Amino acid sequence: MMKDQTDILVAGGGIAGMMATAAFAAEGFRVLCVDPAPPVTDEADDGSDLRSTAFLMPSVELMEKAGFWARLAPHGAALKIMRLADAGGEDGQVRTTRDFIASDIGQEAFGYNFPNWLLRRELLEHLGTLKNVRFEAGVGVASMLTRTKETLVSLTDGRQVRAHLVVAADGRTSRVRDALGIPVRTTRYGQKAVVFAVTHELPHDDVSTEVHRSGGPFTLVPLPDGPDGTYRSAVVWMETGQEVDRLFKLPDNAFSAAASERSGGVLGALTLASARRMWPIITQSAAQLVGQRSALIAEAAHVMPPIGAQGLNMSLKDVATLRDEIVTARDKGDDWASPAVLDRYARTRKADIELRLTGVDLLNRAAMTDVQPLMDLRRRGLEALHGLTPVRYTAMKMGLGAR
């Protein structure tokens, strides 16, 4: 049988997988990206995935280097202020707010927020302009056999592909990770998130707001204004699983009223402007990030609660680190997918991943509590963090990806 060949096979055509494809292709590698499902690229068809993605500035730099940012930038909403609001008093009203301002650390913005469907549309069109990229929807990885010099991948349509390197970007239930025999450690919180879009009475003024009460944060992330001038934001509402199940069943008007109440009225009344989607909240980490001729990135490597815009931005840090390691080795004339190169990628990412998983886990547990003394302690901690300027600046820089 004649076997197809490529430098890099990316398993997974979500945002992280397509971004990895663009980043590797920009460095001259031949890349085949496969995904069993066609990407949703139209807002009207986006009932299955209503999330948005906030790209922090290191991710913007990755997209600039990949030649993609210029076409995406006009569609984003800037995140110039990250506002934390505590509503942990007995009446559930916002009692403390503290702003973390990008300009305080010399940044125009912390990042930019985009609807996921629009990201996929623009990424797919960009990949279509690259001669060294093939993107194939409707086909996935069926099995793989790693060898010393290459990996032989069998696809679900019966074809076989020889790849110098396989990059697993195929999600938290990764088939590539399973084929490599890499186990995962999973923490379950008994929480779910419900995601949706809203219109609201007051402008967001480029402020992303997390409202903390109990059950988990309620996060409003700016979106560009609607074509009719309406103010819009994406919402991630984390709560106990039982409460999310109840909320999910509410009629639209009752749900909008509940969301407005839970937001503390920070943007006035909220009106549901999309369908709703929910999913369970977990923390998950792979026991190792690499196998023979294979590397894990994104949710194949790590999953965390959606707090602080860390999830996909950590994924793109995986992409940037792996890209840098293989390009450096290639430019030296070395085998760029050798165990030594992949081990350097794994060592570089391991400590940062563990640090951020631990940090987000602690933040989520603090946001979940419904014990009044602990909610009061959380409020005092926020005030103390914000009040110490050097500590506040360090926290903002760490949030952007510095260590």
Side-chain angles (χ1 to χ4, degrees), residues 14-15 37-54 75 77 85 87 92 113-121 171-173 188-202 204 208-228 230-282 299 303-309 311-312 364 367-368:
I15 292 169
V40 175
T41 58
D42 187 277
E43 184 173 18
D45 298 330
D46 202 26
S48 63
D49 186 356
L50 301 164
R51 291 172 290 182
S52 66
T53 295
H75 304 290
N113 193 45
F114 302 87
N116 280 5
W117 66 267
L118 185 144
L119 287 171
R120 289 188 290 259
R121 183 192 72 189
R172 60 184 67 185
T173 59
R188 303 186 185 279
Y189 298 94
Q191 285 173 299
K192 293 180 181 178
V194 55
V195 294
F196 51 98
V198 294
T199 59
H200 39 86
E201 291 181 307
L202 305 176
H204 52 60
S208 179
T209 305
E210 276 190 12
V211 183
H212 293 255
R213 190 162 75 187
S214 63
F218 182 101
T219 306
L220 290 145
V221 189
L223 288 171
D225 291 346
D228 56 354
T230 53
Y231 305 129
R232 301 194 303 175
S233 291
V235 179
V236 180
W237 186 354
M238 292 166 58
E239 262 292 358
T240 62
Q242 185 175 8
E243 176 64 4
V244 168
D245 290 342
R246 184 189 73 81
L247 291 167
F248 208 74
K249 296 173 183 177
L250 292 176
D252 288 353
N253 288 344
F255 183 84
S256 294
S260 298
E261 189 276 332
R262 179 62 181 82
S263 74
V266 295
L267 292 178
L270 307 181
T271 301
L272 186 66
S274 73
R276 293 165 256 174
R277 184 192 177 201
M278 65 177 173
W279 78 94
I281 299 300
I282 65 171
E299 289 199 342
V303 180
M304 65 178 61
I307 294 176
L312 188 66
N364 188 39
M368 286 175 63

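Because the structure is a prediction, the values reported are computed rather than measured. Throughout, numbering of the chain's residues begins at 1 and tracks the sequence.
Shown here for Pro222 and Asn113, the closest heavy-atom pair between the two residues is O-ND2, 2.9 Å. Closest non-hydrogen pair, His75 versus Phe114, comes out as C-CE2, 3.6 Å. Across all their heavy atoms, Ala367 and Pro217 have their closest contact at CB-CD, 3.7 Å.
In this view, Glu210 satisfies the salt bridge (Lys or Arg N to Asp or Glu O under 4.0 Å) rule with no residue, not counting sequence neighbours. Partners of Glu261 according to the side-chain hydrogen bond (donor to acceptor under 3.5 Å, both in side chains) rule, which considers only residues two or more places apart in sequence or in another chain, are Arg213. Checked against side-chain contact (heavy atoms from CB on, under 4.5 Å), Ala259 has the following partners two or more places apart in sequence or in another chain: Phe196, Phe218, Trp237, Leu270. Partners of Arg188 according to the side-chain hydrogen bond (donor to acceptor under 3.5 Å, both in side chains) rule, which considers only residues two or more places apart in sequence or in another chain, do not exist here. Residues passing the side-chain hydrogen bond (donor to acceptor under 3.5 Å, both in side chains) test with Tyr189 are Thr283, Asp361, sequence neighbours excluded. Taking the side-chain contact (heavy atoms from CB on, under 4.5 Å) definition, one finds that Thr199 meets it with Thr230, Arg232, Thr271, Ala273, sequence neighbours left out. Considering only residues two or more places apart in sequence or on other chains, Pro224 meets the side-chain contact (heavy atoms from CB on, under 4.5 Å) condition with Ala77. Glu239 pairs by the salt bridge (Lys or Arg N to Asp or Glu O under 4.0 Å) definition with nothing, not counting sequence neighbours. For Ser263, the side-chain hydrogen bond (donor to acceptor under 3.5 Å, both in side chains) criterion is met by no residue, not counting sequence neighbours.
Although no hydrogens or angles enter the test, the distance criterion places a donor-acceptor pair under 3.5 Å between the side chain of Ser274 and the main chain of Ala197. Using modelled atom types, one side-chain atom of His204 and one backbone atom of Leu223 make a donor-acceptor pair closer than 3.5 Å.
To the nearest 0.5 Å, the span separating CZ on Arg120 from OG1 on Thr53 amounts to 8.5 Å. Remark: Ser52 OG to Leu118 CG distance equals 11.0 Å, nearest 0.5 Å. Annotation: the span from Arg121 atom CZ to Leu119 atom CG amounts to 10.0 Å, rounded to 0.5 Å.
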Using distance only, find each side-chain donor-acceptor pair of residues 250-257 under 3.5 Å and give its atom names and separation, not counting sequence neighbours.
| residue | atom | partner | partner atom | Å |
| --- | --- | --- | --- | --- |
| Asp252 | OD1 | Arg276 | NH2 | 2.8 |
| Ser256 | OG | Asp252 | O | 3.1 |
| Ser256 | OG | Leu272 | N | 2.9 |

Ile281/Met238 under side chain to side chain contact (heavy atoms under 4.5 Å, CB included): CA gap, chis, key distance, verdict
CA-CA 8 Å; Ile281 299 300; Met238 292 166 58; 4.1 Å; yes
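Residue pairs that meet the salt bridge (Lys or Arg N to Asp or Glu O under 4.0 Å) test with at least one member in residues 189-199, sequence neighbours left out, are Lys192-Asp245.
You'll find the side chain of Ile15 reaches within 4.5 Å of the side chain of Asn116, heavy atoms only. With contacts defined as side-chain heavy-atom distances shorter than 4.5 Å, the pair Asn364/Gln191 qualifies.
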